[in-house]
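What follows is a short report on a single structure.
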Amino acid sequence: MKEKILVTRPSMPPLDDYIAMIGPLWESAWLTNMGKMHEEFQRQLEDYLVVPEVSLMVNGHMSLEMTLQVLQLEGEVITTPYTFASTTHAIVRNGLTPVFCDVNPDNYTIDVTKIEELITEKTSAIVPVHIYGQLCDVNAIYEIAKKHNLKVVYDACHAFGERIDHSMICGEMVETLPLRREDVGENTIGVGNFGDASIFSFHATKVFHTLEGGAATFSDHRIGERLYRLKNFGIMSEIDVDGVGANAKMNEFQAAMGLCNLKYIDAEIGKRKQRIDRYREQLEHVKGLQLLPVQKGVHSNYAYFPVVFHEDFSKSRDEVYQLLRQENIFTRKYFYPLTSAFRCYNGLYDPADTPVARYVSEHVLVLPLYADLSLDVIDQICHIILENN
Ligand code: T4K
């Protein structure tokens, strides 16, 4: 391949759209600290995600870190090690102890049958991850959290814009959700409505981006008020600071990019679907390859295309990685190593405690996927994978 193919490539709105959007910023000279673009983007996002409230942030990581702080958690937090560094770091940077639960072998989200055995009197919350946009078992997590009085913060960084059919959600939980009229009308629920809060990333590499950026969604207005202060150092007024906050604000240029990209998001998701369909046509039902399941009742955003190369496939994950690299195609081993195996946590956790997560991380490869990826390139990638199989 002459051209280098990377695992992803940000979708860019037409340049003229962005220039028109940021023009007023030169005139107003108001560049950050919750300006007009920020307000408008927040409003449009609440509509798009169909959630009661959005708090915009500088990135997904700070959205999680700040939200965990706002909830004033203590002690232990049950989460999974099969994720990006951010999820675990955000817990640790809040002075909390991550307790790693294994993932289920079908879609690599938290194994809800193993959560309860990890709960102790120190447990204050669960931080599940909708990994690759695969929705966790939100019904089971709701039941466990209610029974043990735990907070739930979903890392939904991969799940932007996803929706689930009402019929898939247990009746009792639906009654607790502060659903907006649009939700009921469309008979689907935006993924940001589950738990006490959900966190999204708008990093350049995501389905939807604001250069860098992120957000928390929630229904309790008090969370929004505290986030609003804490993302700006805890400043209440010129002379009053009431909270050990940080600087986690989204600036006006990020918000402007968000407003531009929001116009194209449905088309973006549609193109991703076409590309995933092309991969699936060739890789589905091949012995030794495991693709993500199509989740019943979930309106996917087609965020990633991971393949697990089992031992009975003709090539190992690392061989496929190398073969593709020789052809100028750069896949990624998301998510290897497990966060519990990171050098910075050396000796604290044992990856053997989460054997399914460890196995998946040692066998998974995320293949290139973005809206403008040519279908021919996908065919070539599949050819290289399947050659001599
Ligand atoms: N929770 C989860 C589950 C997450 O996956 C993430 C982020 C977070 C929380 C935290 O959200 P943020 O704080 O990041 O908003 C990338 C992204 O930087 C990261 O946002 C993402 N997850 C993670 C899965 O992927 P790296 O270390 O792989 O990034 P990098 O620079 O190697 O880029 C990946 C590929 O994208 C490269 O092949 C090049 C291409 N690329 C990258 C950039 C930055 C571009 O084509 N253009 C670009 O501007 O982490």
Side-chain angles (χ1 to χ4, degrees), residues 1 3-13 55-68 77 79-94 98 100 103 107-110 127-136 153-160 162 191-192 197-217 231 246-251 253-254 257-258 261 301 303-306 321 324-325 328-339 342 357 360-361 364-373 377 381:
M1 195 90 48
E3 181 203 357
K4 211 173 183 180
I5 302 293
L6 301 177
V7 71
T8 188
R9 186 181 160 84
S11 287
M12 304 302 284
S55 183
L56 296 175
M57 298 277 175
V58 66
N59 56 45
H61 177 79
M62 287 308 288
S63 310
L64 184 53
E65 217 177 285
M66 297 265 97
T67 303
L68 295 178
V77 172
T79 185
T80 87
Y82 189 72
T83 182
F84 191 56
S86 170
T87 322
T88 304
H89 286 353
I91 293 168
V92 173
R93 286 169 60 83
N94 267 283
F100 293 110
V103 298
N107 74 350
Y108 329 129
T109 58
I110 195 163
V127 176
V129 184
H130 298 306
I131 201 83
Y132 308 128
Q134 288 283 308
L135 293 204
C136 301
V153 178
Y154 282 101
D155 180 333
C157 284
H158 296 182
F160 181 85
E162 293 195 316
V191 66
S198 294
I199 303 307
F200 294 88
S201 165
F202 311 146
H203 184 263
T205 55
K206 294 289 190 290
V207 170
F208 171 81
H209 77 88
T210 59
L211 312 167
E212 293 246 22
T217 62
K231 71 183 174 186
N247 185 354
K249 292 163 285 163
M250 175 176 279
N251 69 46
F253 289 80
Q254 291 174 291
M257 183 57 99
N261 277 338
N301 65 3
Y304 290 88
F305 192 74
Y321 176 86
L324 290 169
R325 217 178 153 90
N328 229 2
I329 297 163
F330 294 81
T331 59
R332 291 298 285 265
K333 298 175 190 175
Y334 294 136
F335 288 95
Y336 174 85
L338 297 180
T339 63
F342 283 176
V360 177
S361 85
V364 73
L365 205 56
V366 169
L367 302 185
L369 176 65
Y370 43 90
D372 296 326
L373 179 63
V377 170
I381 292 172

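Atoms within a ligand are numbered from 1 in the order they appear, just like the ligands themselves. For reference, positions follow the sequence shown, starting with 1. Every heavy atom of this structure was used, including side-chain atoms; hydrogens, water molecules and symmetry mates were not.
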Should you measure from each heavy atom of Asp155, which atoms of ligand 1 turn up under 4.0 Å away?
1 (N), 2 (C), 3 (C), 9 (C)
Below 6.0 angstrom between ring centroids: does that apply to Phe160 and Phe202?
yes
heavy-atom search around atom 22 (N) of ligand 1 in the protein gives Lys206 NZ, 2.8 Å
Can you name the atoms of ligand 1, numbered from 1 with element, that are less than 4.0 Å from a heavy atom of Gly213?
15 (O)
Go through ligand 1 atom by atom and flag the ones less than 4.0 Å from a non-hydrogen atom of Asn59.
13 (O), 15 (O)
Between Arg9 and ligand 1, does any nitrogen or oxygen pair lie at a separation below 3.5 Å?
no
I need the nearest protein heavy-atom contact for atom 39 (C) of ligand 1: residue, atom name and distance, please.
Leu6 CD1, 3.8 Å
With a cut-off of 4.0 Å, which atoms of ligand 1 are near a heavy atom of Ser86?
8 (C), 9 (C), 10 (C)
Please find out if less than 6.0 Å separates the ring center of Phe335 from that of His158.
yes
Hey, is atom 31 (O) of ligand 1 touched by any protein heavy atom at less than 4.0 Å?
no
Have Ser201 and His203 got a donor and an acceptor in their side chains that come within less than 3.5 Å?
no
Can you give me the closest heavy-atom contact between Phe100 and Pro98, atom names plus distance?
CZ-CB, 3.9 Å
So is Gly214 touching ligand 1 or not, going by heavy atoms under 4.0 Å?
no
Look at atom 40 (C) of ligand 1 and say which protein heavy atom is nearest, naming residue and atom and giving the distance to 0.1 Å.
Thr8 O, 3.7 Å
Write out the residue and atom name of the closest protein heavy atom to atom 49 (O) of ligand 1, then the distance separating them to 0.1 Å.
Ala204 CB, 3.8 Å
Counting heavy atoms under 4.0 Å, the part of Arg332 that contacts ligand 1 is side chain
Derivation of the side chain to side chain donor-acceptor pair (under 3.5 Å) call for His209 and Asn261
CA-CA 7 Å; His209 77 88; Asn261 277 338; 3.3 Å; yes
Is the closest N or O pair between Thr83 and ligand 1 shorter than 3.5 Å?
no
Residue pair Val129, Thr109: steps toward the side-chain contact (heavy atoms from CB on, under 4.5 Å) verdict:
CA-CA 6 Å; Val129 184; Thr109 58; over 6 Å; no
4.0 Å heavy-atom contact, Ala85 with ligand 1:
no
Can you tell me the protein heavy atom closest to atom 33 (O) of ligand 1 and the distance?
Thr205 CG2, 4.0 Å
Protein contact of atom 46 (O) of ligand 1 - nearest heavy atom, named by residue and atom, plus distance:
Pro10 CD, 3.3 Å
When rounded to the nearest 0.5 angstrom, what distance separates CD in Glu162 from CG in Asn301?
4.0 Å
Distance from Ile5 atom CD1 to Glu3 atom CD, nearest 0.5 Å?
4.0 Å
Can you tell me which residue and heavy atom of the protein come closest to atom 5 (O) of ligand 1, and the distance to 0.1 Å?
His158 NE2, 2.7 Å
Could you tell me which non-hydrogen atom of Gly192 sits nearest to which non-hydrogen atom of Thr217, and how far apart they are?
O-OG1, 2.9 Å
Can Tyr304 be said to touch ligand 1, with heavy atoms closer than 4.0 Å?
yes
Rounded to the nearest 0.5 Å, what separation is found between the CG atom of Asn59 and the CE atom of Met62?
7.0 Å
So, is Glu212 polar-close to ligand 1, with some N/O to N/O distance under 3.5 Å?
no
Residues Gln254 and Thr210: closest non-hydrogen pair is O-CB, 3.3 Å
Does a side-chain heavy-atom distance below 4.5 Å link His61 with Phe84?
no
Provide, to 0.1 Å, the distance between atom 29 (O) of ligand 1 and the closest protein heavy atom, together with that atom's residue and name.
Tyr334 OH, 4.4 Å
Distance-minimising heavy-atom pair for Leu64 and Ser86:
CD2-O, 4.4 Å
Thr87 OG1 to Glu65 CD distance, which is reported to the nearest 0.5 Å
12.0 Å
Ligand 1 atoms in contact with Ser201 (distance to a heavy atom under 4.0 Å)
11 (O), 12 (P), 15 (O)
For the 3.5 Å polar cut-off, considering only N or O atoms, please tell me whether Phe84 and ligand 1 meet it.
no
Relative to the heavy atoms of His61, which atoms of ligand 1 are at a distance of less than 4.0 Å?
10 (C), 11 (O), 12 (P), 13 (O)
